[in-house]
Amino acid sequence: MKKLFREFFKGVIKENPTFVLALGLCPTLAVSTSVVNAVGMGAAATFVLMGSNAMVAMIKNNIPAKIRIPCFIVVIATFVTIVEMVLKAYTPGLNRALGIYVPLIAVNCIVLGRAEAYASKNTLMNSLFDGLGMGAGFTLALTLISSIREYFGSGKIFGYALSHKFEPVSIFGMPSGALLVIGILLILFNRLKGRKS
Amino acid sequence: MNAGQFLTIFISSVFIYNVILSRFLGLCPFMAISKETKPALAMSLAVTFVITASSMITWLIYRFLLLPFGLAYLRTVSFILVIAAFVQFVELVIRKVSPALFRFFGIYLTLITTNCAVLGVAVLNIDMFFADGRAVAGSFYYSIFQGICTGLGFSLAMLLMSGIRERLDLCDVPKTVKEIPLAFIIASIMSLSFLGFNGFKF
């Protein structure tokens, strides 16, 4: 049990996929305009990560080593298709907001990266928790970035107005704001890392 | 199918919705390979070629295989596999036919398999040029053209970025900001200037 917790927390902080490993940045930037979108994207990616990690861990001994990457891709894309259909059926609004970034979870490097680097070498339970942890870390990073962007860009969080004291800086809601926020966050993370070592 | 539509596609996919600076597709190669101009050029050419060809292939597959058999929901799975297989195939052919070209492209071609811009454009083509399960008139040509233009947009951003970063090599930047964070900040400013093209909307 303790080990499973370690697998989980590793993905949240020490090996955070976004800030530490710098993987899967495309969706991070594109859907972080509002916190609701970000959480939806995080949940979708977490589901795909858990599903593909579990599946890969189960079939790892039956896949020939040479064609393992295409096999992983098919597994991942299948889970992405499930997510796509569920989102379309139950949350059409979110599906519209996320747009093409839902199918693009399939080429998110976090998912393939975990399948190749972790799930193909570890047991089912460990891989499941690794997927959950990585998904949580990804969601956390997305929530952080989108909170900053939504707050400064429109003065709201989760659509609720928090402050009327300043004029919203609309640039934060635009693509260039996303790049700026992540650039500054990366500098902060580098600074923290530098201080520790 | 008319010339105006082509112009709209050109302007919107090269400038307004630039694949990197506005849609955020293909950021990984953009950050990793834009340190020097020559590799950046090789990557841009490879990406443009693959995006164009895969736009064509995925359109054909969607129109003649997935739609008639009611398999439209298999779009993601099939596109990803086709693109991966296609890239592998091109790599094999180039290695056999022209070793010089292979040395020029080398690893960049392999890397494209996981480039989200390629799948992104394929999915966008389907979203934009198919309505109610049927192809819009001229959608095949629109798709290919959108592929080419997206590739051009990618190349434009890539070359601009590599030019800037080459010059920045000579500057003295704080260690915490160096490399990736700096690249993000530059990209942010570039994206800001591309925002000006929004006025072109028509």
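In what follows, every heavy atom counts, from backbone to side chain, and hydrogens, waters and symmetry copies are set aside. Naming: A, B, ... by sequence-line order, numbering from 1 per chain.
Nearest heavy atoms, B:Arg75 versus A:Pro103: NH2-CG, 4.0 Å. Across B:Leu81 and A:Pro70, no two heavy atoms sit closer than the pair CD2-O, 4.4 Å. Closest heavy-atom contact between A:Ala178 and B:Phe24: CB-CZ, 3.8 Å.
For A:Tyr101, the part sitting under 4.5 Å from any heavy atom of chain B is the side chain, from C-beta outward, and nothing else.
Side-chain contact check for B:Leu195 versus A:Ile171: some heavy-atom pair is nearer than 4.5 Å.
The CD1 atom of A:Ile76 sits 12.5 Å away from atom OG1 of B:Thr76, with the distance rounded to the nearest 0.5 Å.
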Going through the checks in order, is the side chain to side chain contact (heavy atoms under 4.5 Å, CB included) test met by B:Leu119 and A:Ile100? CA-CA 10 Å; B:Leu119 182 68; A:Ile100 61 163; over 6 Å; no
Could you walk me through whether B:Val123 and A:Leu104 pass side chain to side chain contact (heavy atoms under 4.5 Å, CB included), step by step? CA-CA 9 Å; B:Val123 173; A:Leu104 285 182; 5.6 Å; no
Test log, rule side chain to side chain contact (heavy atoms under 4.5 Å, CB included), inputs B:Ile185 and A:Leu179: CA-CA 6 Å; B:Ile185 306 237; A:Leu179 293 162; over 6 Å; no
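For chain B, the option among A:Leu29, A:Leu180, A:Thr28 with the highest count of heavy-atom pairs below 4.5 Å is A:Leu29. Contact count against chain A (heavy-atom pairs under 4.5 Å) is highest for B:Leu124 among B:Ile20, B:Leu124, B:Asp127. When each of A:Val102, A:Ile182, A:Leu185 is scored by its heavy-atom pairs under 4.5 Å with chain B, the top score falls to A:Ile182.
Heavy-atom neighbours of B:Met190 CE from other residues, nucleotides or ligands within 6.0 Å: above the threshold of 12.
Put simply, the side chain of B:Ser191 gets close to the backbone of A:Ser176: a donor and an acceptor are under 3.5 Å apart.
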